[in-house]
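Keep in mind the model is a prediction, meaning the values are calculated, not measured. Sequence positions, counted from 1, serve as the residue numbers for this chain.
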Amino acid sequence: MSAHGELRGISLQKHYGSTVALGGVDIAIPAGQTVAIVGPSGSGKSTLLHALAAIQAPDAGEVRLGGERVDDLTEGQRSRLRRTEFGFLFQFNGLLPELSALDNVALPLMLDGKSRRRAAKTAADWLNWLGIGDLADNRPGEMSGGQAQRVALARALVIEPAVVFADEPTGALDQATGAETLKTLLTSVKQRGASLVVVTHDANVAQACERVVEIQDGRIIADSLPSGPLAQGAAA
Ligand SMILES: Nc1ncnc2c1ncn2[C@@H]1O[C@H](COP(=O)(O)OP(=O)(O)OP(=O)(O)O)[C@@H](O)[C@H]1O
């Protein structure tokens with residue numbers, strides 16, 4: 001586990017033509033906190049996640065990780081940041097179909113310069129840790145949706161990220177499998193000391209997080225943290 005810093009978005013703005021996707025969002029996520037981003041469709045949840053994760057730069061505002069600005073990096077630096085500090089988990093697992101579970105999990109380490117042998121050993125440890133070591137040689141098409149999402153979780157965690165970003169991680173799973181995946185996700189990030197930022201429409205996911213931030217029309221309208229905008233009387 002590495003020492004991780006606070007993730008902070010400051011006055012984040014993003015426009016698509018006349019659409020205001022982010023209308024000046026301020027959010028500070030302490031290291032190790034689990035945060036659900038909720039709100040109606042089109043409210044700006046994914047745009048916020050993409051801005052915080054250095055996937056898409058905001059039009060204005062700053063993103064800082066551990067105090068360091070990460071929104072104004074070159075594309076190469078941002079891509080390195082995503083490989084070393086951030087883990088990603090999406091609705092559909094995004095695994096490479098032609099690679100085994102082991103190789104899918106080893107890939108981020110190899111992209112970061114680790115030897116194939118070392119990457120494979122670490123990947124195997126992660127699959128074992130998540131209880132799916134026996135699936136190491138299976139390709140994604142040879143697993144259930146829940147198993148594949150667990151492999152995707154191993155791939156997100158293998159780099160020991162500061163923050164795991166998840167967009168509807170249980171959206172493609174049935175309720176029981178989704179609940180199990182959610183539990184594994186939360187347990188894993190807590191044990192590794194990572195923060196979790198999860199965009200979700202699923203009330204079960206939101207309730208399981210320590211903090212729920214509600215977005216509407218590109219602005220935070222509710223924050224369950226005592227120090228959030230609601231407590232300060234700043235909500236609309
Ligand atoms: N690439 C894009 N081009 C144009 N408009 C976009 C683009 N991406 C997002 N938008 C618009 O920005 C607004 C916010 O979109 P965003 O995807 O962040 O919402 P969301 O809350 O994640 O929605 P959903 O819950 O449906 O995924 C929406 O009005 C959307 O149509």
Side-chain angles (χ1 to χ4, degrees), residues 4 6-9 12 22 25 27-41 43-56 63 65 70 81-96 104-105 107-108 126 129-130 132 140 143 145-215 220 223-224:
H4 300 318
E6 176 188 70
L7 177 67
R8 192 176 189 110
L12 295 176
L22 293 178
V25 168
I27 186 168
I29 300 169
Q33 189 175 67
T34 57
V35 186
I37 312 284
V38 303
S41 189
S43 55
K45 303 181 296 295
S46 297
T47 306
L48 176 59
L49 184 132
H50 293 161
L52 292 173
I55 291 174
Q56 198 164 40
V63 179
L65 179 66
V70 298
L81 177 83
R82 292 195 298 265
R83 281 204 315 268
T84 56
E85 298 290 344
F86 297 155
F88 295 93
L89 190 63
F90 296 106
Q91 179 168 4
F92 301 101
N93 56 63
L95 298 171
L96 294 175
N104 264 289
V105 178
L107 191 61
W126 275 96
W129 193 71
L130 288 168
I132 45 171
M143 303 170 207
Q147 289 169 337
Q149 199 61 324
R150 229 167 237 254
V151 175
L153 179 58
R155 184 191 50 183
L157 292 169
V158 73
I159 59 154
E160 303 272 356
V163 187
V164 173
F165 292 96
D167 201 340
E168 300 286 3
T170 60
L173 304 174
D174 64 63
Q175 204 173 7
T177 311
E180 199 182 304
T181 304
L182 172 64
K183 197 169 152 201
T184 307
L185 169 62
L186 289 169
T187 309
S188 307
V189 296
K190 276 289 158 199
Q191 287 193 1
R192 313 308 291 201
S195 315
L196 173 68
V197 182
V198 55
V199 164
T200 188
H201 286 283
D202 182 340
N204 292 323
V205 174
Q207 274 167 17
C209 290
E210 293 158 343
R211 177 180 179 189
V212 180
V213 171
E214 189 177 350
I215 310 261
I220 294 179
D223 187 336
S224 68

- Is there a side chain to side chain contact (heavy atoms under 4.5 Å, CB included) between Gln149 and Glu180 once you walk through the steps? CA-CA 11 Å; Gln149 199 61 324; Glu180 199 182 304; over 6 Å; no
- Query: Okay, side chain of Thr181, backbone of Gly146: is any donor-acceptor separation there less than 3.5 Å?
  - Reply: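 No; judged by distance alone, with no hydrogens or angles, the pair does not exist.
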- Just by distance, do the side chain of Arg211 and the backbone of Gln33 share a donor-acceptor pair under 3.5 Å?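 Such a contact is absent between Arg211 side chain and Gln33 backbone.
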Taking all atoms of both residues into account, what is the closest heavy-atom pair of [X] and [Y], and its distance?
X	Y	value
Val70	Leu65	CG1-CB, 4.1 Å
Ala206	Ala36	CA-CB, 3.7 Å
Leu182	Ala208	CD2-CB, 3.9 Å
Leu52	Val63	O-CG1, 3.8 Å
Val189	Val164	CG1-CG2, 3.8 Å
Met143	Val151	SD-CG2, 3.8 Å

- Under the salt bridge (charged side-chain N to carboxylate O under 4.0 Å, His left out) test, residues paired with Arg155 that sit two or more places apart: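 Salt bridge (charged side-chain N to carboxylate O under 4.0 Å, His left out) list for Arg155, sorted by chain: empty.
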So, taking the atom named [atom1] in [X] and the one named [atom2] in [Y], what distance separates them when rounded to the nearest 0.5 Å?
X	Y	atom1	atom2	answer
Trp129	Arg192	CH2	CZ	5.5 Å
Ser46	Ile37	OG	CD1	10.0 Å
Leu153	Leu130	CG	CG	5.5 Å

- Query: So do Ile159 and Arg83 actually touch side chain to side chain, heavy atoms under 4.5 Å?
  - Reply: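 With C-beta onward as the side chain, the pair stays apart.
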- Between Val38 and Val205, does a side chain to side chain contact (heavy atoms under 4.5 Å, CB included) hold up when you go through it step by step? CA-CA 10 Å; Val38 303; Val205 174; over 6 Å; no
Only pairs under 3.5 Å count here: list side-chain donor-acceptor contacts from residues 194-203, not counting sequence neighbours, and write none if there are none.
from   : atom 1 : to     : atom 2 : distance (Å)
Ser195 : OG     : Gly32  : N      : 3.0
Thr200 : OG1    : Asp202 : N      : 2.8
Asp202 : OD1    : Asn204 : N      : 2.8
Asp202 : OD2    : Thr170 : OG1    : 3.4

- Output yes when Lys45 and Glu168 qualify as a salt bridge under the 4.0 Å nitrogen-oxygen rule, no when they do not.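 Here Lys45 does not pair with Glu168 in a salt bridge, since their nearest N and O are not under 4.0 Å apart.
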- Item | Contact list for residues 150-186, test ring pair (Phe, Tyr, Trp, His ring centres under 6.0 Å), sequence neighbours left out |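 Qualifying pairs, neighbours excluded: Phe86-Phe165, Phe88-Phe165.
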